[in-house]
There are 2 protein chains.
Amino acid sequence: MRSEDIAKLAGVSRSTVSRVINNYANVPEKTRAKVMKVIEENHYEPNTSARVLAGKGMNTIGLFVVSTAELHNPNRIYQNSYFAPFVETIVDTLNRLGYYVLIHTVYSEDDFLKVKQAFLQKRIDGGIIVGTEKNDGMVRAIAKLKLPFVLIDYDIAELLEHRLDKEYAAVVNSKDYEGAAMAVRYLIEHGHERIGFVSGRLNTLSGRERRQAFVDTMQEHGLKVPEEWVVNGLFIRQKAYEEVKRMLENNRPTAIFAANDEMALGAMDACRELGLRIPGDISIIGFDDIPIASQLSPALTTVRLPIYEMSQAAAQHVVEMCEQGSGSFSTMSFPTRLMVRETCKSLKLNE
Amino acid sequence: MRSEDIAKLAGVSRSTVSRVINNYANVPEKTRAKVMKVIEENHYEPNTSARVLAGKGMNTIGLFVVSTAELHNPNRIYQNSYFAPFVETIVDTLNRLGYYVLIHTVYSEDDFLKVKQAFLQKRIDGGIIVGTEKNDGMVRAIAKLKLPFVLIDYDIAELLEHRLDKEYAAVVNSKDYEGAAMAVRYLIEHGHERIGFVSGRLNTLSGRERRQAFVDTMQEHGLKVPEEWVVNGLFIRQKAYEEVKRMLENNRPTAIFAANDEMALGAMDACRELGLRIPGDISIIGFDDIPIASQLSPALTTVRLPIYEMSQAAAQHVVEMCEQGSGSFSTMSFPTRLMVRETCKSLKLNE
DNA sequence: CTGAAAGCGCTAACAG
DNA sequence: CTGTTAGCGCTTTCAG
């Protein structure tokens, strides 16, 4: 069924059908009603490709979930517990705004081509890129396209450094530095002075920020950190487990700050295996507040990422850029929140 | 940049450009190379809408995640731990087959319109519908469209009953009856005779199958089940918690079979609150094997859903239907697996 | 207020 | 082997 068929049945021209479909003002109520009736009776829906070709928008946003490190990881992206909530909120928000979402995962360099293609082939009006380890070259290539897109969790410095066109790029971040500093201060305030750190991948903005916050905050408080108390868990539970086991071999800290919850779980695995009670013998604090964190026993003390706010902001922003046709370079940063639960013990006597 | 621009630059006609893009045989290697060079130099990608309008496929599959019950649930679809793995695998598989995925969540009756529209507007070549509580009317409406689509976890009887056109519908299920029977037999074989059941929503295929398997298996073994030992938890943790607390008030079973893991968690909450040790005082067995199940302590004994196999089969099948142009009515059913962990105790003396 | 006609970018017969 | 031509289904001037 095409618009011409509707036109015939309603006794008008295709132009008029188009006018009522697109809600133009200059159609008398009577004509509009007549046409609408035929449209509904025949379950007519205009062909998207034809509309797009004739100048309308696709009404679709691309959502690219990138995780180059996970290519050979059996627990891929969504199970990764970090991504699922982002995907959920973004899809939901976009759907509610009347947009379809084209989702694509990016594990390899090759997959990155797909995101560029999605733009170039005009499959999408705009895009959102979420995930760690963005490929700078590709991000720049996309920015050159001058199409609306927003990056979640991206180092703004990178963007500015490469003089990206500021018209069509937006970045949404969380205040990871602030959150990590908060976590470390929390431990210090409760009497911990011997604190170990399990770092995440440093080719990630959040990986770097969280680590820097740890280093700075310890230094600010005049606390020394022996080299063997800073290990790299790559954001992976198993790796953290191995590293922490080594960390705890001799000279042992009283608390461990893991740069994400997955690694906090790995640290807990290691502690348990060594017969250390949590938080009795050692305190653990994580970052992200993944769903499982609150369900553990003991429940994990951690820093909550403002995933909902970030996703919503990203979704609303692409849509705005698409509809106004003009984007503006913008940055949004949402605060984290300390979730005090059961894995940290105070070393202060009066508590 | 349009195909005509490429044609000019390469000194050929648009037809020839089209021929190399679509990999037609009758283009001499030399011409092909010349055209390809220009295409690459200019990062040209053909406009999808134009190709579709001219008769090519969209190369996009719609993925509709429906959960009508979750509309007002703060933990929506993906967090629901049941959906995330499906979405992940389907998107991954489809992407690898060279398809884009249009994702849409369906919480309400209205959202269902969107899936029909996606088909009618020719945004997608085919679709996959995953999730509980499909709206029969809508499913039938979609089947009438005669476009390739596959349903995951759907009652085939419903389809047949309504004489759906068999050309373009496929169903992928898990053997829930078999799995649930296995769980119950496992308990019985370990000496349990007093078994309670927490049912899921019965407007769901899996809800019905799991319940029926419980009832049948108990009966086959000549085991009586008092009415108050069969409660309905609606697949929701909190609801299960409440119902189980009531169930355990007086005459208490030695084991509880919950129709999904979320409810098994709720049952565990209730047991703990009543001071019952698991599995010391009461055994618990779930269904689904959600990621958290193995990470709990004690780790939850449960039945693993063949999510990966189901998702892969669904993805591959839509693509086949799209590419062959003709679908065939088909049904696939994948077996479940018992995951023996720590929440069940044997009542047999010699163990 | 409404119809006729041009055109969006591509593919596919049809000639040559 | 390659160019010319006619649409695909819609929106949008431009007349009337």
Side-chain angles (χ1 to χ4, degrees), chain A residues 1-36 38-39 42-60 117-125 145 147 323 325, chain B residues 1-36 38-39 42-60 117-125 145 147 323 325:
Chain A
M1 177 116 316
R2 303 154 310 141
S3 92
E4 185 165 0
D5 302 323
I6 300 296
K8 258 179 208 143
L9 289 171
V12 295
S13 72
R14 291 180 338 192
S15 330
T16 303
V17 173
S18 177
R19 285 188 188 102
V20 350
I21 286 173
N22 294 291
N23 250 304
Y24 284 164
N26 52 352
V27 181
E29 200 42 58
K30 206 173 160 186
T31 313
R32 175 182 308 278
K34 186 174 59 181
V35 175
M36 277 307 280
V38 180
I39 288 181
N42 294 276
H43 304 290
Y44 167 74
E45 291 282 345
N47 181 307
T48 302
S49 298
R51 310 189 79 197
V52 172
L53 210 52
K56 293 288 187 186
M58 248 294 192
N59 238 261
T60 356
Q117 279 178 358
F119 275 104
L120 255 18
Q121 295 175 350
K122 298 251 150 49
R123 287 173 179 278
I124 54 181
D125 303 323
L145 270 31
L147 290 165
E323 291 178 356
Chain B
M1 176 119 313
R2 302 155 310 139
S3 93
E4 185 164 2
D5 302 323
I6 301 294
K8 258 178 208 142
L9 290 171
V12 296
S13 74
R14 290 178 342 190
S15 331
T16 302
V17 173
S18 176
R19 285 188 187 101
V20 351
I21 286 173
N22 294 291
N23 250 305
Y24 284 160
N26 52 352
V27 180
E29 198 42 58
K30 205 173 160 187
T31 314
R32 177 184 305 280
K34 186 174 60 181
V35 174
M36 276 307 279
V38 179
I39 288 181
N42 293 277
H43 304 289
Y44 167 73
E45 291 283 345
N47 180 306
T48 301
S49 298
R51 311 188 78 197
V52 172
L53 209 53
K56 293 289 188 186
M58 247 296 191
N59 238 262
T60 311
Q117 280 179 357
F119 276 103
L120 255 18
Q121 296 175 349
K122 298 253 151 47
R123 287 174 178 276
I124 54 181
D125 303 323
L145 271 30
L147 290 164
E323 291 178 357

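Order of the sequence lines sets the chain letters (A, B, ...), proteins ahead of strands, with each chain counted from 1.
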Does [X] place a side-chain N or O at less than 4.0 Å from the phosphate oxygens OP1/OP2 of [N]?
X       : N      : result
B:Ser13 : D:dT4  : no
A:Tyr24 : C:dC1  : no
B:Asn47 : C:dC8  : no
B:Asn22 : C:dT11 : yes

Does any part of the side chain of [Y], heavy atoms only, come nearer than 4.5 Å to the side chain of [X], both counted from C-beta?
X        : Y       : value
B:Tyr44  : B:Val38 : no
B:Val20  : B:Ile39 : yes
B:Leu145 : A:His43 : no

Taking atom [atom2] of [N] as reference, at what distance in whole Å does atom [atom1] of [X] sit?
X       : N      : atom1 : atom2 : result
B:Arg2  : C:dG7  : CZ    : P     : 12 Å
A:Lys8  : C:dT2  : NZ    : C1'   : 18 Å
B:Arg19 : C:dA12 : CZ    : P     : 10 Å
B:Glu45 : C:dG9  : CD    : P     : 16 Å
A:Asn26 : C:dG3  : CG    : P     : 12 Å
A:Lys30 : C:dC1  : NZ    : P     : 13 Å
A:Asn42 : D:dG9  : CG    : C1'   : 16 Å
B:Ile6  : D:dT2  : CD1   : P     : 17 Å

Would you say the side chain of [X] and the base of [N] hold a donor-acceptor pair, judged only by whether the two atoms sit under 3.5 Å apart?
X       : N      : result
B:Ser18 : C:dA12 : no
B:Arg14 : C:dT11 : yes
A:Ser3  : D:dT11 : no

Candidate nucleotides [options], ranked by approach to the side chain of [X] - the nearest:
X       : options                : value
A:Ser15 : D:dT11, C:dT2, D:dT12  : D:dT12
A:Pro28 : C:dT11, C:dT2, D:dG3   : C:dT2
B:Tyr44 : C:dT11, D:dC10, C:dC10 : C:dC10

Does A:Arg2 pair with A:Asp5 as a salt bridge, N-O distance under 4.0 Å?
yes
Report which part of the nucleic acid A:Val17 touches: base, sugar-phosphate, or nothing (heavy-atom distance under 4.0 Å, all strands).
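If one applies the 4.0 Å heavy-atom cut-off, A:Val17 turns out to touch nothing in the nucleic acid.
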Is A:Ser49 touching bases, backbone alone, or none of the nucleic acid, heavy atoms closer than 4.0 Å?
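Nothing: the residue A:Ser49, judged by heavy atoms under 4.0 Å, touches no strand.
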Using only atom types and a distance under 3.5 Å, with no angle test, would you say the side chain of [X] pairs donor to acceptor with the backbone of [Y]?
X        : Y       : value
B:Arg32  : B:Asn23 : no
A:Asn47  : A:Ser49 : yes
A:Arg123 : B:Met58 : yes
A:Ser3   : A:Arg14 : no

On a heavy-atom basis, which atom in A:Ala7 and which in A:Ser13 lie closest, and how many Å separate them?
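Shortest heavy-atom separation between A:Ala7 and A:Ser13 comes out as CB-C, 3.6 Å.
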Quick check: closest heavy atoms across B:Pro46 and B:Ile21, and the distance to 0.1 Å?
CG-CG2, 4.3 Å
Tell me which residues in residues 50-59 of chain A put a heavy atom below 4.0 Å from DNA chain D, sorted by number, or none.
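Within residues 50-59 of chain A, the residues near DNA chain D are A:Ala50, A:Arg51, A:Leu53, A:Ala54, A:Lys56.
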Bend of the helix from C:dC1-D:dG16 to C:dG16-D:dC1 from end-axis comparison, five pairs per end, nearest 10°, comes to 40°
